[in-house]
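Every chain is numbered from 1, with letters handed out A, B, ... down the list of sequences.
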Amino acid sequence: MPEAPESRSLNFIEDIIEADRVTEKHGGRVLTRFPPEPNGYLHIGHAKSICLNFGLGLRYDGATNLRFDDTNPVKEDVEYVDSIREDVEWLGFKWVNEFFASDYFQQLYDYAEYLVQQGKAYVCDLSEAEIRDYRGNFHTPGKDSPYRNRTPGENLDLLRRMRAGEFADGARVLRARIDMQSGNMNLRDPLMYRIRRAHHHRTGDAWLIYPLYDYAHGVSDALEAITHSICTLEFEDHRPLYGWFLEQDAEGKFFRRPLPRQIEFARLNLTYTVMSKRRLLELVKEGHVQHWDDPRMPTICGLRRRGFTPASLRNFAERVGVAKRDSISDVGLLEFAIREDLEKSALRRMAVLRPLKVILTNMGEGEVFELEVANHPDTSHGTRKLQLTREIFIEREDFEEIPPKKWFRLAPGAEVRLKGACLIRCEEVIKDAMGQVVELRCAWDPASLGGDAPDGRKVKGTLHWVSAAHAVTAEMRLYDRLFTAENPMDIAEGGDWRDTLNPHSLEVLPGAKLEASLAAANTGDRFQFERLGYFCVDRDSQPGALVFNRTVALKDSWAKVGEKG
RNA sequence: UGGGGAGUAGCCAAGUGGUAAGGCAGCAGGUUUUGAUCCUGCGUAUCGAGGGUUCGAAUCCUUCCUCCCCAACCA
């Protein structure tokens with residue numbers, strides 16, 4: 001369950017709600033809704049909306065509905081309904097009611113007949129192209145459709161015959177009779193119904209006409225007695241239309257006042273990624289990523305597989321805030337959110353990504369020192385056993401034959417600490433015919449076992465390591481940002497958003513060496529591999545063939561020193 | 001040239017006439033058996049620009065500039 005709202009300044013939607021509570025507009029009631037169209041997978045932008053809507057419900061002792069906006073049968077599918085439920089649940093939210101816009105098809109239709117009878121809607125025979133033409137544009141007012149003044153009786157007859165299937169798809173539409181001269185294009189007699197002989201994932205073939213978003217959405221909100229209907233900025237100029245439909249139907253006493261209010265906020269954008277469903281789909285279709293749940297994807301399922309926690313996503317949503325300004329949030333904030341959560345909870349383990357063999361020359365063959373080490377700097381997380389043996393692996397990049405300035409790690413003649421074990425000093429570097437370092441010969445200080453050297457000498461570096469005899473081999477999948485550009489959609493002349501795809505967004509390391517205790521890790525388990533980052537067991541993992549995803553690396557201030565030269 | 005929105009530090013974001021919160025990033029230092037975490041300190045923010053009102057303006061008025069959305073039988 002999400003944590004109690006911390007003290008922070010209110011966002012503008014909370015201001016609105018609190019003002020409504022003061023005036024008792026809805027009798028103090030707060031009911032929001034999360035209304036996805038089940039035509040694709042949810043991404044982190046949806047997560048922001050989910051956290052906003054459900055967060056408001058929780059904060060104001062209200063509730064939130066999950067409503068599938070399924071008014072366009074050709075694009076929707078149950079597959080998506082299931083994944084959406086799963087994602088919302090995984091984020092930690094419970095909806096008080098689950099509805100589908102299609103639940104309201106009959107009411108929507110009945111109200112449409114009412115609007116026709118009131119002379120507020122009419123059946124239009126213009127073709128799609130003609131409608132576009134008659135609508136005019138930003139600089140030219142629209143022209144009335146020649147069918148605009150049909151009598152209510154004629155319209156009702158036509159609407160019923162549309163429903164009965166007497167006309168071909170696209171032959172006629174039902175339109176709201178508003179204002180063809182409006183500066184707001186949405187008010188130039190918007191479409192309410194189209195004829196579509198398509199199989200609907202829930203209503204099957206019961207309907208041949210389907211309502212459009214602008215008509216269906218507001219009515220659905222009102223039927224559910226939603227108090228605050230939150231959507232994104234691009235719907236701002238739909239608001240008058242939202243109000244118009246609700247007002248007409250309220251006059252017809254189809255639902256009670258006060259009517260729900262539409263409020264718009266800025267959708268989430270993230271640096272180094274794309275967020276539109278269409279672009280995401282292209283990434284999948286064109287094979288730039290494996291699937292919707294590829295750990296590089298900003299989808300909720302992708303982030304889940306990558307190792308993100310629900311709490312980290314909720315905290316992230318809380319931190320980016322809610323406002324009306326178009327913005328692009330720094331993906332670094334997302335990385336901060338997951339590190340913040342995992343730092344507290346992930347058990348520490350040792351894993352060597354790119355192994356370099358080290359022989360402890362003064363340790364006996366077959367000798368095994370068993371060590372008990374803490375699972376976490378917070379010792380309440382308990383301990384585990386580690387084995388120290390003559391042959392170990394350390395990280396290849398923890399050794400430099402000619403170390404740069406301020407190098408704390410291993411180098412010829414240098415002494416470092418093996419985390420949780422002992423001090424070792426590098427005495428010899430073994431190379432192959434190509435001159436590559438293949439092995440290090442080091443001397444260990446038995447007196448330092450499990451602690452410091454008795455003579456009080458200090459070392460600056462502490463390395464992670466694993467016993468060669470005990471280590472298990474695993475595949476490591478290291479992820480980097482999918483794009484090299486902060487805003488891939490900010491395309492240069494003649495360029496394509498795909499141009500900035502990062503060719504190194506996935507690096508697979510097949511021969512990583514892990515401490516023995518990790519052999520029993522299960523899919524989804526998360527760990528911090530000391531000095532490296534947070535990792536989780538991928539669903540591709542098998543006993544004996546472990547696969548880990550790197551969720552996020554640890555902050556690395558040494559790397560920054562390197563960058564600066 | 002129509003309608004609707006938005007401009008506060010590198011990125012988010014408070015602020016609603018009384019003298020610019022907070023977070024992330026960055027920088028410096030301290031602690032540390034993770035170069036992590038943690039702790040401390042660090043930003044003269046032309047509050048998009050100009051003009052005006054006011055004792056006092058990010059907040060009010062005015063002119064202008066920039067950016068975003070809208071012309072699907074998509075949502």
Inset, instruction - Can you label the angle between the A:H46 ring and the A:H43 ring as parallel, tilted or perpendicular, going by 30° and 60°? - result: tilted
Inset, instruction - Report yes or no: do A:H217 and A:R33 form a side-chain donor-acceptor pair below 3.5 Å? - result: yes
Legend entry - Residues which pass side chain to side chain contact (heavy atoms under 4.5 Å, CB included) with A:L212, listed by chain and number, not counting sequence neighbours: A:L191, A:R194
Inset, instruction - Answer yes or no for this row: A:H139 ring on B:rU1 base, centroids under 5.5 Å, planes under 30°. - result: yes
Inset, instruction - Measure from the side chain of A:R348, starting at C-beta and using heavy atoms only, and say which of B:rA75, B:rA14, B:rU34 lies closest. - result: B:rU34
Inset, instruction - Using a heavy-atom cut-off of under 4.0 Å over every strand shown, decide if A:E264 touches base, sugar-phosphate, or nothing. - result: nothing
Inset, instruction - Find which nucleotide of RNA chain B each of A:G420 and A:D70 is nearest to by heavy atoms, and output the residue with the more 5' nucleotide. - result: A:G420
When you compare the protein's N or O atoms with those of nucleotides 18-24 of chain B, which come within less than 3.5 Å of each other, and at what distance?
{"residue": "B:rG23", "atom": "O2'", "partner": "A:R319", "partner atom": "NH1", "Å": "2.8"}

Legend entry - Donor-acceptor pair between A:T140 and A:N137 side chains, under 3.5 angstrom: yes
Inset, instruction - Name the nucleic acid region contacted by A:T232, choosing base, sugar-phosphate or nothing; use a 4.0 angstrom heavy-atom cut-off, strictly under. - result: nothing
Inset, instruction - Would you classify A:V173 as touching base, sugar-phosphate or nothing, given that sugar-phosphate means primed atoms plus P, OP1 and OP2, and contacts are heavy atoms under 4.0 Å? - result: base
Inset, instruction - Determine: side-chain N/O of A:K75 to OP1/OP2 of B:rA75, distance under 4.0 Å, yes or no. - result: no
Legend entry - Of the listed nucleotides B:rA14, B:rG35, B:rG3, the one nearest the side chain of A:N184: B:rG3
Inset, instruction - Could you tell me whether A:D378 contacts a base, only the sugar-phosphate backbone, or nothing, with contacts defined as non-hydrogen atoms closer than 4.0 Å? - result: nothing
Inset, instruction - For A:D69, answer base if it contacts any base atom (sugar-phosphate contacts may also be present), sugar-phosphate if it contacts only those atoms, and nothing otherwise; contact means non-hydrogen atoms under 4.0 Å. - result: sugar-phosphate
Inset, instruction - For A:L212, answer base if it contacts any base atom (sugar-phosphate contacts may also be present), sugar-phosphate if it contacts only those atoms, and nothing otherwise; contact means non-hydrogen atoms under 4.0 Å. - result: sugar-phosphate
Inset, instruction - Taking only the side-chain nitrogens and oxygens of A:R135, find out if one of them lies under 4.0 Å from OP1 or OP2 of B:rC73. - result: yes
Inset, instruction - Please work out if A:I328 contacts a base, only the sugar-phosphate, or nothing of the nucleic acid, heavy-atom cut-off 4.0 Å. - result: sugar-phosphate
Inset, instruction - Using a 4.0 Å heavy-atom cut-off across all strands, classify A:T140 as base, sugar-phosphate, or nothing. - result: nothing
Legend entry - A:S557 side-chain N/O to B:rA36 phosphate OP1/OP2 under 4.0 Å: yes
Legend entry - Nucleic acid contacts - residues 185-203 of chain A versus RNA chain B, non-hydrogen atoms under 4.0 Å: A:M185, A:L191, A:R194, A:R196
Inset, instruction - Tell me whether A:F138 is stacked on the nucleobase of B:rG2, counting only the six-membered base ring and applying the 5.5 Å and 30° thresholds. - result: yes
Inset, instruction - Under 3.5 Å for both distances, Watson-Crick or G-U wobble, that's the pair rule; now give the dot-bracket for RNA chain B, with | marking pairs to another strand and [ ] for crossing ones. - result: .(((((((.[[[..)..(...]]].(((((.......))))).....[[[[[..)....]]]]])))))).....
Legend entry - For A:R279, all residues meeting salt bridge (charged side-chain N to carboxylate O under 4.0 Å, His left out), sequence neighbours excluded: A:E282
Inset, instruction - Determine, for A:D221 against A:R67, whether the closest basic-nitrogen to carboxylate-oxygen distance falls under 4.0 angstrom. - result: yes
Inset, instruction - Verify the contact: side-chain N or O of A:R531 to OP1 or OP2 of B:rG35, cut-off strictly under 4.0 Å; return yes or no. - result: yes
Inset, instruction - Report yes if at least one side-chain N or O of A:R132 is closer than 4.0 Å to OP1 or OP2 of B:rA72; otherwise report no. - result: yes
Inset, instruction - Return no unless some side-chain N or O of A:S182 is found under 4.0 Å from OP1 or OP2 of B:rG2. - result: no
Inset, instruction - Remember a base hit wins even if backbone is also touched, and classify A:V322 as base, sugar-phosphate or nothing at under 4.0 Å, heavy atoms. - result: sugar-phosphate
Inset, instruction - Tell me yes or no: between the side chains of A:D378 and A:S380, is some donor less than 3.5 Å from an acceptor? - result: yes
Inset, instruction - Mind checking A:H464 for me? I need base, sugar-phosphate or nothing, with any heavy atom below 4.0 Å counting as a touch. - result: nothing
Legend entry - Nucleic acid contacts of residues 446-458 of chain A, taken as heavy-atom distances under 4.0 Å to RNA chain B: A:G450, A:G451
Legend entry - Nucleotide of B:rG3, B:rG35, B:rU16 approaching A:W558 most closely (side-chain heavy atoms): B:rG35
Inset, instruction - Classify the ring geometry between A:Y41 and A:Y80 as parallel (under 30°), tilted (30 to 60°) or perpendicular (over 60°). - result: perpendicular
Legend entry - 5' precedence on RNA chain B between A:H217 and A:R417 (nearest-nucleotide basis): A:R417
Inset, instruction - Under 4.0 Å between any heavy atoms, over every strand shown, what does A:K324 touch: base, sugar-phosphate, or nothing? Just pick one. - result: sugar-phosphate
